[in-house]
Amino acid sequence: GAGVSQTPSNKVTEKGKYVELRCDPISGHTALYWYRQSLGQGPEFLIYFQGTGAADDSGLPNDRFFAVRPEGSVSTLKIQRTERGDSAVYLCASSLNGGRETQYFGPGTRLLVL
Amino acid sequence: AQKVTQAQTEISVVEKEDVTLDCVYETRDTTYYLFWYKQPPSGELVFLIRRNSFDEQNEISGRYSWNFQKSTSSFNFTITASQVVDSAVYFCALSGNNQGGKLIFGQGTELSVKP
């Protein structure tokens, strides 16, 4: 079956612009996670959805970052007024029911803010 | 606080050598899960193993084996008879009791296997 997919694979934008990153989880997975990975670092948690609701958004760095999952499937991570420090790979993962089940990751979106 | 430490930043071995990647974790939770993921140059994280804190049995899967030692808070990963295709960054991760499943990752160990 299809794995987690993310679009775009690469995004280049200018400082101050708005970007949207999309994640399509594995079909039937109720839990969806966003992580951010800077060069040479491990992924860092941003937000976790159980169904349509954000169950834990403690990792979002500030109010420029927002994510939605309106129908409990596809999720969009939105970044307003991008800054150069936002440049990173944004990873999405899904698991069947959340909790401490195995998370399966997508290929990531590489965001570069000029 | 939850923390995962992978002290080895880079390891280089010659093909067919055995190699062990270290992982040390910190948590106050009594129930937790530990994971290993592989990140090849393509960038996608590939799941390798999930282990719960109540199961201290070592696990072997082909050339891969894992040694979980609760007494030293370590969950080390050994690759036997390494191959060039094992070259990747390997991450150890922790999921605690009340976090909804979010993973705390270590910094990763970059393994280079040379022919």
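Model, not experiment: these values are computed from the prediction. In the text below, chain A, chain B and the rest are named by the order of the sequence lines, each starting its count at 1. These values consider heavy atoms only, across backbone and side chains, with no hydrogens, waters or symmetry-generated copies.
When all heavy atoms are compared, the tightest approach of A/Ser94 to A/Ile26 is OG-N, 3.4 Å. B/Asp86 and B/Lys38 get closest at one heavy-atom pair: CA-NZ, 4.1 Å.
Remark: B/Phe35 engages no residue in a ring-ring contact (aromatic ring centres under 6.0 Å, His included) (not counting sequence neighbours).
Residues of residues 106-114 of chain A lying under 4.5 angstrom from chain B, judged on non-hydrogen atoms, are A/Gly106, A/Pro107 by number. Within residues 105-115 of chain B, the residues having any heavy atom under 4.5 Å from a heavy atom of chain A are, by residue number, B/Phe105, B/Gly106, B/Gln107. Within residues 44-64 of chain B, the residues having any heavy atom less than 4.5 Å from a heavy atom of chain A are, in residue-number order, B/Glu44, B/Leu45, B/Phe47, B/Arg50.
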Would you please test B/Thr78 and B/Thr20 for side-chain hydrogen bond (donor to acceptor under 3.5 Å, both in side chains) and show each step?
-> CA-CA 4 Å; B/Thr78 297; B/Thr20 295; 2.8 Å; yes

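Taking the six-membered ring where the residue is Trp, the centroids of B/Tyr90 and B/Phe77 are separated by under 6.0 Å. Checked against the 6.0 Å centroid criterion, the rings of A/Tyr33 and A/Tyr48 qualify as a close aromatic pair.
Judged purely by distance below 3.5 Å, without hydrogens or angles, the side chains of A/Asp56 and A/Ser58 pair a donor atom with an acceptor atom. Donor-acceptor pairing under 3.5 Å is lacking for the side chains of B/Gln39 and B/Tyr37.
If you take NZ on B/Lys16 and OG1 on B/Thr80, they are separated by 14.5 Å, rounding to the nearest 0.5 Å.
The shortest distance between side-chain heavy atoms of A/Leu46 and A/Tyr90 falls below 4.5 Å. Between B/Thr27 and B/Leu94 there is a side-chain heavy-atom pair separated by less than 4.5 Å. Contact of the B/Val4 side chain with the B/Cys23 side chain is registered, since non-hydrogen atoms from C-beta on lie closer than 4.5 Å.
Both the backbone and the side chain of A/Gln103 come within contact range of chain B, judged by heavy atoms closer than 4.5 Å. With a 4.5 angstrom heavy-atom cutoff, B/Tyr33 touches chain A via backbone and side-chain atoms both.
Atom CZ of A/Phe66 has 12 or fewer neighbouring heavy atoms from other residues, nucleotides or ligands inside a 6.0 Å radius.
Of the possible donor and acceptor atoms, one in the side chain of A/Tyr35 sits under 3.5 Å from a partner among the backbone N and O of B/Leu103.
Contacts with chain B were tallied for A/Pro43, A/Gly59, A/Gly42; A/Pro43 has the most, counting heavy-atom pairs under 4.5 Å.
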